[in-house]
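The structure under discussion appears below in the form of structure tokens.
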Amino acid sequence: MAVWWGLSRLWETCTFRVRYVLGEALFPFGTEQVKLGAMTNKTWLFSSFFNSLVVFSASSWQMSVPPVLRNRTRVLKEARVRAIVRPGVLDITKDKLMVAHGLLALACARHTQNSVPITSMAKPISIEVYNPNGKYRVVSTKSMPGTRWINLLIEQDCRVEICTQKKTILSVEDIIALIGDKCDGVIGQLTEDWGETLFAALSRAGGKAFSNMAVGYNNVDVNAANKHGVAVGNTPGVLTETTAELAASLSLAAARRIVEADQFMRAGLYDGWLPHLFVGNLLKGQTVGVIGAGRIGSAYARMMTTSYGEFLKANGEQPVTWKRAASMDEVLREADVISLHPILDKTTYHLINKESLATMKKEAILVNCSRGPVVDEVALVEHLKQNPMFRVGLDVFEDEPYMKPGLADMKNAVVVPHIASASKWTREGMATLAALNVLGKIKGYPVWGDPNRVAPFLNENAPPPAASPSIVNAKALGLPVSKL
Ligand code: DGY
């Protein structure tokens, strides 16, 4: 490890010098050349330089890197915009230019993680290690709730390494650095891009197991995993009720304008009851529509209708009825509240768009706890602007973690940061299932027969079954299925 640090530092020192030179070469030519340089996409050095240029041009000699500079596209976008709006930066004298480059180099040194990364440049990543002498090396790209998952791995002779890097979304290069030369399995997150590069790296390191800590795996290229013989796990069976509960909460919060009203109270604006104050929608007798009536969608329908239905029946009122709609259009036209629960693939991308929004009732409520790109968010913002009585409850976003411009200003939108599965029981269960997916493959266990019936894996008073709870490419890899 020490050698690696040493080499890495040395290497960085060299790269700063190159950046410095490049900076000097490009700087006087102004924005256009900067843009062209970026477009050539020739080297990571260019982008690193622009990143620093942003720092310099934006801060009038003070070194502060905007924390938003996370990925390459953003870095380039920011660099262009800032360089254009601050042309004065190009007018500085030679002396100042030299000082600028000094500062520039310093900024590079301090903020290398914002550079467009290449493998050999990856910085050492901070980790926490459990059971250092374990035979199998299992890496988790994030700390996960609970400790049972760690104990289960340790008990089976795994050395567990948990990334503790203070960075919400790890890049492919960060994860390559984590995988290293020898790695038996990785537990990853839905924010990570698990494609050809990572599966190739994992396979080179001898790894044959990966699990998302999520039921959705649209961030995973399963074909690439198949190509490298890597099993891909996910975590169904523990998210159903928790996710449905959040969808129901968002439906009610949107209907009764709870967030708006809360903000109003906190702002000290409440000065007495008024007949028009925060008038919302009554859900009694209304139609609830579910698009994607799988496990979570069905649980949502049950919550929204059965419990309320029982209440209605007990009061001698009309019971709730339900039907399977002939088409999505019928749901869009008839429902007062619609909750989206499909998986994201190319058939559901922008399933809700300008046209489908126009088909919905003007005062309808739309809830999305599935994946952001199922909704065309730009069209949604426009629709919310044009129809102030239309309301939306969103847990997920098209460019997560960002919102499309204008969404945050819409009072008729309730927005929460992808927390549908965020109950303690569910998140600990997800961590356990993800760890057991990886462990099962490492140990050569078969795959569990029914990935939704996972209770035996969650029982803390008994050892878990010798199986991987859910491997999505089990068939493609020809993995045996458990007889248990
Ligand atoms: C999942 O597991 O796919 C969820 O989106 C996480 O909340």
Side-chain angles (χ1 to χ4, degrees), residues 117 119 122 125 136-142 144 149 153 158 160-163 169-239 343-349 371 373 430-452 454 457 467-482:
T119 315
I125 298 260
Y136 310 104
R137 181 170 175 259
V138 174
V139 169
S140 175
T141 61
K142 286 282 168 215
M144 301 189 291
W149 70 274
L153 289 171
C158 295
V160 181
E161 292 187 18
I162 303 173
C163 177
I169 301 178
L170 295 185
S171 67
V172 164
E173 288 68 27
D174 293 331
I175 300 172
I176 288 175
L178 278 172
I179 290 172
D181 296 337
K182 184 208 173 277
C183 179
D184 297 286
V186 177
I187 302 165
Q189 301 297 322
L190 58 82
T191 47
E192 296 155 9
D193 183 6
W194 278 85
E196 168 63 30
T197 313
L198 285 184
F199 286 118
L202 181 55
S203 164
R204 269 197 308 275
K208 287 281 169 270
F210 165 77
S211 183
N212 236 16
M213 183 213 171
V215 65
Y217 51 94
N218 53 296
N219 61 314
V220 180
D221 179 346
V222 179
N223 288 332
N226 291 344
K227 182 178 142 195
H228 293 284
V230 178
V232 174
N234 71 339
T235 64
V238 285
L239 286 98
I343 55 160
L344 172 64
D345 62 17
K346 51 182 187 293
T347 66
T348 59
Y349 175 81
R371 286 290 184 266
M430 290 163 78
T432 297
L433 295 176
L436 291 176
N437 281 334
V438 167
L439 180 67
K441 182 68 176 78
I442 290 174
K443 302 286 276 185
Y445 296 159
V447 176
W448 193 239
D450 181 356
N452 292 310
V454 290
F457 294 96
S468 288
S470 177
I471 299 293
V472 302
N473 57 348
K475 222 183 188 161
L477 296 183
L479 302 179
V481 177
S482 163

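- When the shell of 6.0 Å around NZ of K182 is examined, it contains more than 12 heavy atoms from other residues, nucleotides or ligands.
- Atom OH of Y217 sits about 8.0 Å away from atom OG of S470, to the nearest 0.5 Å.
- Taking every heavy atom of both residues into account, L202 and A209 meet most closely at CD2-O, 3.6 Å.
- Not a single donor-acceptor pair under 3.5 Å links the side chain of N473 to the backbone N or O of A476.
- Side chain of S211 to backbone of I187: no donor-acceptor contact under 3.5 angstrom is found.
- Judged by distance alone, the side chains of S140 and E161 never bring a donor and an acceptor atom under 3.5 Å apart.
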Q: Please report the C-alpha distance between F457 and W448 in whole Å, then the side-chain angles of each, then the deciding distance to 0.1 Å, and finally whether the ring pair (Phe, Tyr, Trp, His ring centres under 6.0 Å) criterion is met.
A: CA-CA 10 Å; F457 294 96; W448 193 239; 4.9 Å; yes
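- The two atoms that bring A177 and I125 nearest to each other are CB-CG1, 4.0 Å, heavy atoms only.
- Between the side chain of N223 and the main chain of N226, no donor-acceptor pair closer than 3.5 Å is present.
- Ring-plane geometry between F199 and F210 is classed as perpendicular, the angle between the planes exceeding 60 degrees on a 0 to 90 degree scale with a lower cut at 30.
- The line from CG of L178 to CD1 of I162 is 11.5 Å long, rounded to the nearest 0.5 Å.
- Of the inter-residue distances, the one linking K142 atom NZ with L170 atom CG reads 4.5 Å to the nearest 0.5 angstrom.
- Considering only heavy atoms from C-beta on, V238 comes within 4.5 Å of V454 through its side chain.
- Contact record, I179 with V186: CG1-CG2, 4.1 Å, taken as the closest heavy-atom pair.
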Q: Could you check E196 against K227 for side chain to side chain contact (heavy atoms under 4.5 Å, CB included), going step by step and ending with a plain yes or no?
A: CA-CA 9 Å; E196 168 63 30; K227 182 178 142 195; 3.1 Å; yes
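- Side-chain atoms of P446 and V481, non-hydrogen and from C-beta on, never get closer than 4.5 Å to each other.
- Here the shortest heavy-atom pairing between C183 and V139 reads SG-CG2, 3.9 Å.
- For the residue pair N212 / N219, a side-chain donor-acceptor distance below 3.5 Å is found, with atom types taken as modelled.
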Q) Checking side-chain hydrogen bond (donor to acceptor under 3.5 Å, both in side chains) for the pair S468/N437: CA distance, chi angles, key distance, verdict? A) CA-CA 4 Å; S468 288; N437 281 334; 4.9 Å; no
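- Using a 4.5 Å heavy-atom threshold, the side chains of I175 and W194 count as touching.
- When all heavy atoms are compared, the tightest approach of P373 to L344 is CG-CD2, 3.8 Å.
- With rounding to the nearest 0.5 Å, the separation of NZ in K208 from NE2 in H228 is 9.0 Å.
- With rounding to the nearest 0.5 angstrom, the CG atom of L436 is 11.5 Å from the CH2 atom of W149.
- Here CE of M213 is found 11.5 Å from CD of E192. Values are rounded to the nearest 0.5 Å.
- Across all non-hydrogen atoms, the minimal contact from N234 to A214 is CB-O, 3.2 Å.
- Panel note: side chain S482, backbone G449; no donor-acceptor pair is recorded below 3.5 Å.
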Q.
Could you walk me through whether T197 and I176 satisfy the side chain to side chain contact (heavy atoms under 4.5 Å, CB included) test, starting with their C-alpha distance in whole Å, then the side-chain angles of each, then the deciding distance to 0.1 Å, before giving a yes or no?
A. CA-CA 9 Å; T197 313; I176 288 175; 3.8 Å; yes
